[in-house]
Participant: 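Shown below is the structure under consideration.
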Amino acid sequence: MNNIGVLMTCPMSEYLENQLENRFNLFKLWNHSSPNPHFLETHSSSIKAVVGNTKIGADANMIDSLPNLEIVASYSVGLDKIDLGKCKEKGIKVTNTPDVLTDDVADLGIGLALAVLRKMCVCDRFVRSGDWINGDFGLASKFSGKSVGIVGLGRIGSAIAKRAEAFNCSISYHSRSKKPNTNYKYYSNIVDLAADCQILFVACALTEETRHIVNRKVIDALGPKGILINIGRGAHVDEPELVSALLEGRLGGAGLDVYENEPNVPEQLFSLENIVLAPHVGSDTEETSKAMADLVISNLEAHFKGKPLLTPVL
């Protein structure tokens, strides 16, 4: 397969990069200035696969510029950076990396909720600054027993629910339709869900329907004691409305791993003590990074050997 051209859109995983180089003719898009007509003119006909992620996937322009493209493999479970309509139109196969990252993302979601409620980052600064010698830290809020709402009861949402149940939390959810085989309370309206929970987790896929699904109405329904945890995509939340709600005290707190214009984060958030910010690291553990890379490689090898894809999207 060393003669098969694979285009990697941006740096992702050194292990993945090495595995691709060992098996294919790897092109690294970030090594070429953009736009670079010469690069495309020289190599486009030999590129049969694109490997992308949550930063750079495969948009319509890229797909159209690669006449022999056969497959797009996402080093992510998310598909919002891939033009699925264009892939379907051209008969291009698409894969992603579900399941292998579910535990890590769900773990981080619960961790963010605990960190916000127990003020763990503020506690850390309190100890490091030496302020403890002047008096006790004060009180935080418990996680156990809280009412939890989940937007999107897919793999990750279900894993969050399972973990929250272990803390004796009541679980309710919103999705496009009611899920079978679950006793969790279903809300067809996300505003009603937000009004009836204390912690709202966002864990759905990003589509045009879910873009800014958490808007001012949802934030205000969650209220000044409510906590928002977003481990989905930044564009799920109307970010200016979130910032103003936190600054005005209309929302109790937030734990964020994703942002609308990554890596740019609203600077107004930096001074707030009722939020915890993570740099989109939901699946970034050594174990899961390797498992995701192995799945990308396995899907590519299966395709070029004429075998069924392991995790087909299209």
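From a predicted model like this one, the values you see are computed outputs, not experimental measurements.
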Participant: Hey, what do you get for CD1 (I150) to CG (L200), rounding to the nearest 0.5 Å?
Facilitator: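 It is 9.0 Å, given to the nearest 0.5 Å.
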Participant: Tell me, which pairs form a salt bridge (charged side-chain N to carboxylate O under 4.0 Å, His left out) where one or both residues lie in residues 295-309, sequence neighbours left out?
Facilitator: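 Only R23-E301 qualify under salt bridge (charged side-chain N to carboxylate O under 4.0 Å, His left out).
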Participant: Among the clusters formed by ILVMFWY side chains lying less than 4.5 Å apart, do L193 and L251 turn up in the same one?
Facilitator: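 Yes.
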Participant: Take R211 and E208 through the salt bridge (charged side-chain N to carboxylate O under 4.0 Å, His left out) test and state the conclusion after the steps.
Facilitator: CA-CA 5 Å; R211 187 175 298 274; E208 285 307 311; 3.8 Å; yes
Participant: Once rounded to the nearest 0.5 Å, what's the spacing between atom CG of N299 and atom NE2 of H303?
Facilitator: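 Interatomic distance, N299 CG to H303 NE2, rounded to 0.5 Å: 10.5 Å.
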Participant: A side-chain contact here means heavy atoms from C-beta on lying under 4.5 Å apart; do V72 and C87 qualify?
Facilitator: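 In short, these two side chains touch, coming nearer than 4.5 Å.
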Participant: Does a donor on one side chain and an acceptor on the other come within less than 3.5 Å for S158 and Y173?
Facilitator: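 Looking only at side-chain atoms, Y173 and S158 do not form any donor-acceptor pair under 3.5 Å.
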Participant: Can we say K90 and D64 salt-bridge, meaning some charged N sits less than 4.0 Å from an Asp/Glu carboxylate O?
Facilitator: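 Yes, K90 and D64 are salt-bridged.
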Participant: I'd like to check D257 versus N230 (side-chain heavy atoms, cut-off strictly below 4.5 Å). Are they in contact?
Facilitator: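 D257 does not reach N230 side chain to side chain.
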Participant: Provide the closest heavy-atom pair for L300 versus A73 in the form atom of the first, atom of the second, distance.
Facilitator: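 It is CD2-CB, 4.1 Å.
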Participant: With heavy-atom distances below 4.5 Å as the criterion, would you say the side chains of D124 and V127 are in contact?
Facilitator: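 Not touching, per the 4.5 Å side-chain cut-off.
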Participant: Who pairs with R163 by salt bridge (charged side-chain N to carboxylate O under 4.0 Å, His left out), at least two apart in sequence or on another chain?
Facilitator: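 R163: salt bridge (charged side-chain N to carboxylate O under 4.0 Å, His left out) contacts with D103, D107.
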Participant: Pair S283, D104 - check side-chain hydrogen bond (donor to acceptor under 3.5 Å, both in side chains), show working.
Facilitator: CA-CA 5 Å; S283 60; D104 274 348; over 6 Å; no
Participant: E241 side chain to D238 main-chain N or O, any donor-acceptor pair under 3.5 Å?
Facilitator: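 No, E241 side chain to D238 backbone: no donor-acceptor pair under 3.5 Å.
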Participant: Roughly how far, to the nearest 0.5 Å, is the OG atom of S141 from the CD1 atom of I227?
Facilitator: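 Spacing of CD1 (I227) from OG (S141) equals 7.5 Å.
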Participant: Which residues pass the salt bridge (charged side-chain N to carboxylate O under 4.0 Å, His left out) test with D220, sequence neighbours left out?
Facilitator: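 For D220 the salt bridge (charged side-chain N to carboxylate O under 4.0 Å, His left out) partners, ignoring immediate neighbours, are R216, R250.
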Participant: Do F143 and C169 come close enough that some side-chain heavy atom pair is under 4.5 Å?
Facilitator: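 In contact.
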Participant: Do side-chain atoms of H236 reach the backbone of C204 as a donor and acceptor pair under 3.5 angstrom?
Facilitator: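 Yes.
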Participant: Whether the side chain of N261 engages the backbone of N264 through a donor-acceptor N/O pair (distance < 3.5 Å, no angle test) should be reported.
Facilitator: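 Flag not set: sc N261 to bb N264 has no pair under 3.5 Å.
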Participant: Using modelled atom types and a 3.5 Å cut-off, is there a donor and acceptor pairing between side-chain atoms of T182 and backbone atoms of K179?
Facilitator: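 Not confirmed, T182 side chain does not pair with K179 backbone.
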Participant: Looking at S298 and L295, would you say the former's side chain and the latter's main chain have a donor-acceptor pair under 3.5 Å?
Facilitator: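 Here the side-chain-to-backbone pair does not exist.
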Participant: Would S45 and N68 count as having a side-chain donor-acceptor pair, cut-off 3.5 Å?
Facilitator: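 No pair is found: no donor N or O on one side chain lies under 3.5 Å from an acceptor on the other.
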Participant: Ignoring hydrogens and geometry, is there a side-chain-to-backbone donor-acceptor pair from T9 to I56 under 3.5 Å?
Facilitator: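 Indeed, once roles are kept as given, a pair shorter than 3.5 Å links the two residues.
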Participant: Of all residues at least two apart in sequence or in a different chain, which pass the salt bridge (charged side-chain N to carboxylate O under 4.0 Å, His left out) check with E267?
Facilitator: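 Per chain and number, E267 pairs via salt bridge (charged side-chain N to carboxylate O under 4.0 Å, His left out) with no residue.
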Participant: Please answer: with hydrophobic residues joined when any side-chain heavy atoms are less than 4.5 Å apart, are M292 and L108 in the same cluster?
Facilitator: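 In one cluster with M292: L108, yes.
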Participant: Linking I/L/V/M/F/W/Y whenever any side-chain heavy atoms sit under 4.5 Å apart, do V151 and Y186 land together?
Facilitator: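 The answer is no; the residues belong to distinct hydrophobic clusters.
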Participant: Should L112 and L272 be counted in the same cluster of Ile, Leu, Val, Met, Phe, Trp and Tyr side chains packed under 4.5 Å apart?
Facilitator: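 No, it is not one cluster - the side chains of L112 and L272 are not joined through contacts under 4.5 Å.
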Participant: Below 4.0 angstrom, N of the basic side chain to O of the carboxylate: do E17 and K28 qualify?
Facilitator: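 Judged by the 4.0 Å cut-off on N to carboxylate O distance, E17 and K28 do form a salt bridge.
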Participant: Just how far is it from atom CD1 of I229 to atom CG of L256, taken to the nearest 0.5 Å?
Facilitator: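 Nearest 0.5 Å value for the CD1-CG distance: 7.5 Å.
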Participant: Centres of the Y187 and H174 rings: under 6.0 Å?
Facilitator: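 Aromatic pair excluded; centres sit 6.0 Å or further apart.
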Participant: Give the minimum heavy-atom separation between A293 and L16, together with the two atoms involved.
Facilitator: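 Scanning both residues completely, I find the closest heavy atoms to be CB-CB, 3.7 Å.
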Participant: The test is side chain to side chain contact (heavy atoms under 4.5 Å, CB included); show your working for N25 and V6 and say whether it passes.
Facilitator: CA-CA 6 Å; N25 181 18; V6 174; over 6 Å; no
Participant: Does K146, at its NZ atom, have more than 12 non-hydrogen atoms belonging to other residues, nucleotides or ligands within less than 6.0 Å?
Facilitator: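 Yes, the 6.0 Å shell around NZ holds more than 12 heavy atoms from other groups.
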Participant: With a 4.5 Å cut-off on side-chain heavy atoms, are R155 and V105 touching?
Facilitator: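 Result no, sub-4.5 Å side-chain heavy-atom pair not found.
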Participant: Judged by modelled atom types alone, do N53 and S76 share a side-chain donor-acceptor pair under 3.5 Å?
Facilitator: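 No, no side-chain donor-acceptor pair sits under 3.5 Å.
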Participant: Report the residues that fulfil salt bridge (charged side-chain N to carboxylate O under 4.0 Å, His left out) with D192, sequence neighbours left out, ordered by chain and then residue number.
Facilitator: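 Expected list: none.
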Participant: Could you go through L84 and L314, starting from their C-alpha distance and side-chain angles, then the distance that decides it, and tell me whether this counts as side chain to side chain contact (heavy atoms under 4.5 Å, CB included)?
Facilitator: CA-CA 8 Å; L84 295 177; L314 290 177; 4.1 Å; yes
Participant: Please determine whether side chain to side chain contact (heavy atoms under 4.5 Å, CB included) holds for the pair K185 and I171, giving the CA-CA distance in whole Å, both sets of side-chain angles, and the decisive distance to 0.1 Å.
Facilitator: CA-CA 7 Å; K185 187 175 182 179; I171 311 296; over 6 Å; no
Participant: With no hydrogens and no angle check, is any side-chain donor or acceptor of E260 less than 3.5 Å from a backbone partner on G234?
Facilitator: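 No, E260 side chain to G234 backbone: no donor-acceptor pair under 3.5 Å.
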Participant: Is a side-chain N or O of S129 found less than 3.5 angstrom from the main chain of R125, in a donor-acceptor match?
Facilitator: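 Side chain of S129 to backbone of R125: a pair is present.
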Participant: Grab the two heavy atoms, one from I63 and one from D83, that are nearest each other, plus how far apart they are.
Facilitator: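 Closest heavy-atom pair between I63 and D83: CD1-O, 3.9 Å.
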Participant: Whether the side chain of S147 engages the backbone of Q198 through a donor-acceptor N/O pair (distance < 3.5 Å, no angle test) should be reported.
Facilitator: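 Yes.
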Participant: Would you say T97 and T311 make side-chain contact, with heavy atoms under 4.5 Å?
Facilitator: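 The answer is no, as the side chains (C-beta and beyond) never meet within the 4.5 Å cut-off.
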Participant: Sequence neighbours left out, what passes ring-ring contact (aromatic ring centres under 6.0 Å, His included) with Y184? Give chain and number order.
Facilitator: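 For Y184 there are no ring-ring contact (aromatic ring centres under 6.0 Å, His included) partners, ignoring immediate neighbours.
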Participant: How close do F126 and G135 get, counting heavy atoms only, and between which atoms?
Facilitator: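 It is CZ-O, 3.2 Å.
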Participant: If I compare all heavy atoms of G149 with all of C197, which pair ends up nearest, and what's the gap?
Facilitator: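 Heavy-atom minimum between the residues: N-CB, 3.6 Å.
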Participant: When you group the ILVMFWY residues by side-chain heavy-atom contacts below 4.5 Å and let the links chain together, are L153 and L101 in the same group?
Facilitator: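 Cluster IDs for L101 and L153 match.
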Participant: Side chains of T210 and V202, heavy atoms from C-beta outward: is any pair under 4.5 Å?
Facilitator: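 The answer is no, as the side chains (C-beta and beyond) never meet within the 4.5 Å cut-off.
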Participant: Return the CG to CD distance between N2 and E21, rounded to the nearest 0.5 Å.
Facilitator: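 Spacing of CG (N2) from CD (E21) equals 11.5 Å.
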Participant: Taking the side chain as every heavy atom from C-beta outward, state whether V116 and N274 have any pair of such atoms under 4.5 Å apart.
Facilitator: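 Not touching, per the 4.5 Å side-chain cut-off.
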Participant: As an exercise, state the distance from SG of C10 to OH of Y75, rounded to the nearest 0.5 Å.
Facilitator: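 With rounding to 0.5 Å, SG (C10) is 10.5 Å from OH (Y75).
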Participant: Identify the heavy atoms of A203 and I160 that sit nearest to each other, and give their distance.
Facilitator: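 Taking every non-hydrogen atom into account, CB-CD1, 4.2 Å.
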Participant: Give the intermediate values and the outcome of side chain to side chain contact (heavy atoms under 4.5 Å, CB included) for residues L7 and V51.
Facilitator: CA-CA 6 Å; L7 178 65; V51 175; over 6 Å; no
